[in-house]
Number of protein chains: 2
Amino acid sequence: MLTSQSLAGVLRNSGFKVTPQRLAVYEALANTKSHPNAELLYNELRPKYPSMSFATVYKTVEILNELGLITVLNTGEGSSRYDADVTEHSHIQCSVCGRVDDIGPLSVAKLDEEVTHDTGYEVQGQKFYFYGVCPACKNKA
Amino acid sequence: MLTSQSLAGVLRNSGFKVTPQRLAVYEALANTKSHPNAELLYNELRPKYPSMSFATVYKTVEILNELGLITVLNTGEGSSRYDADVTEHSHIQCSVCGRVDDIGPLSVAKLDEEVTHDTGYEVQGQKFYFYGVCPACKNKA
DNA sequence: CTCTCTGCAAAATTTTTGCACTGCT
DNA sequence: AGCAGTGCAAAAATTTTGCAGAGAG
């Protein structure tokens, strides 16, 4: 999670301009654990930035992702979700209510080695998704 | 991987009708390791089934997925990929050419436990995606 | 002042749906 | 024969793109 100042620095150093919209999109992601998609970001930012557009949301998350400042999640829904937490962690989605929660670092240190040996790929990254029923939905049932 | 006969049985037992299109979609998936998306399936089946439509492809993979006969992959591309191999395994995608390869079962036996303990979810399934450069693309570089 | 960025609208892409016709059982 | 399935076309949903005006450096 970066402060607005350090985000501004990263953008500038990478040749991108620092705009209120870019800071706002990042800040919205940094201040939530709900892993919103583009629509939710748009709806959340609209009140503060009435001119905010989907184009800007999508262009911004693309840049933030390129710069490694956010992660894009594909849980299998129609749309992508975004996460400002780029530290090593995984995600789990409730098959009942659809919420996505974080899973702290798993004991997977040897996996990259295993995968390299198994496939010959030069492994650069990984995304783990778990699916199940969240505690809240379990209690309702 | 089911034979056409056993697939027919599963469909019938589940109240679905056995149609040439359904058998063909499954067979196409069972006979490839390329994890095609809907468009590739459509293009592959078109010559044999000139009337094949995207609607049928999508409706069929939805049923096959419901029945647990195929798996849907979301690597982060625009479209979903489908895999008739439902045994426990993961996938790795080349960040250069986009191909998706299989990874045999990983040493992740304790992960579900770890996740349950960490999140309180009742874990039902998981999907692991690795990203990197495939041997072929490495050699070209 | 320049050049990137924003925001609108239109387009492209992927997936879903409605409905008449086909064909499985 | 009855009813689910197919296939067409249209619609929906998500994401991308073109371009004119706005704003950051």
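When reading the values below, keep in mind they use all heavy atoms of this one structure, side chains included, and skip hydrogens, waters and symmetry mates. Letters go in sequence order (proteins before strands), and every chain restarts at 1.
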Whole-Å gap separating [atom2] ([N]) and [atom1] ([X]):
X	N	atom1	atom2	value
A:Leu40	D:dT15	CG	P	11 Å
B:Glu66	D:dG5	CD	C1'	15 Å
A:Gln21	D:dG23	CD	P	9 Å
A:Asn74	C:dT15	CG	C1'	16 Å
B:Arg81	C:dT15	CZ	P	12 Å
B:Leu23	C:dC24	CG	C1'	11 Å
B:Tyr49	C:dG23	OH	C1'	14 Å
A:Tyr58	C:dG7	OH	P	16 Å

Would you verify whether the NZ or CZ of A:Lys127 falls within 45 degrees of the ring axis of B:Phe128 while also being under 6.0 Å from that six-membered ring's centre?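 No, A:Lys127 and B:Phe128 do not form such a contact.
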Taking DNA chain C as the partner, which of residues 1-19 of chain A come within under 4.0 angstrom of it by heavy atom? A:Phe16, A:Lys17, A:Thr19
Side chains of [X] and [Y]: is there a donor and an acceptor less than 3.5 Å apart?
X	Y	result
A:Glu77	A:Thr75	yes
A:Asn74	A:Ser80	yes
B:Arg46	B:Tyr42	yes

Determine the sole option in A:Asn31, A:Val86, A:Asp85 for which the side chain to side chain contact (heavy atoms under 4.5 Å, CB included) test with A:Met1 is passed. A:Asp85
I want to check one thing: is the phosphate of D:dA24, taken as OP1 and OP2, less than 4.0 Å away from some side-chain N or O of A:Arg22?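 Checking D:dA24 against A:Arg22, no side-chain N or O comes under 4.0 Å of OP1 or OP2.
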Within the 4.0 Å limit for protein heavy atoms, which parts of nucleotides 8-13 of chain C are touched? Write it as a string from 5' to 3', B for base, S for sugar-phosphate only, - for none. B-----
Side-chain contact, heavy-atom cut-off 4.5 Å: B:Leu11 with B:Leu7? yes
Select from B:Pro20 and B:Glu62 the residue whose nearest nucleotide in DNA chain C is closer to the 5' end of that strand. B:Glu62
Under 4.0 Å, counting only non-hydrogen atoms across every strand here, what does B:Ser79 touch: a base, just sugar-phosphate, or nothing?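 Contact class for B:Ser79: sugar-phosphate only.
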Could you go step by step and tell me if A:Arg81 and A:Asp83 meet the salt bridge (charged side-chain N to carboxylate O under 4.0 Å, His left out) rule? CA-CA 7 Å; A:Arg81 289 170 175 260; A:Asp83 188 349; over 6 Å; no
Examine distances only and state if a side-chain atom of [X] and a backbone atom of [Y] form a donor-acceptor pair shorter than 3.5 Å.
X	Y	value
A:Ser14	A:Val10	yes
A:Thr56	A:Met52	no
B:Arg12	B:Val18	no

Can you give me the bend angle of the helix from C:dC1-D:dG25 to C:dT25-D:dA1? Use the axis through the first five pairs and the one through the last five, nearest 10 degrees.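 The angle, to the nearest 10 degrees, is 40°.
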Only one of A:Thr71, A:Asp101, A:Asp102 passes side chain to side chain donor-acceptor pair (under 3.5 Å) with A:His91; say which it is.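 Option passing the side chain to side chain donor-acceptor pair (under 3.5 Å) with A:His91: A:Asp102.
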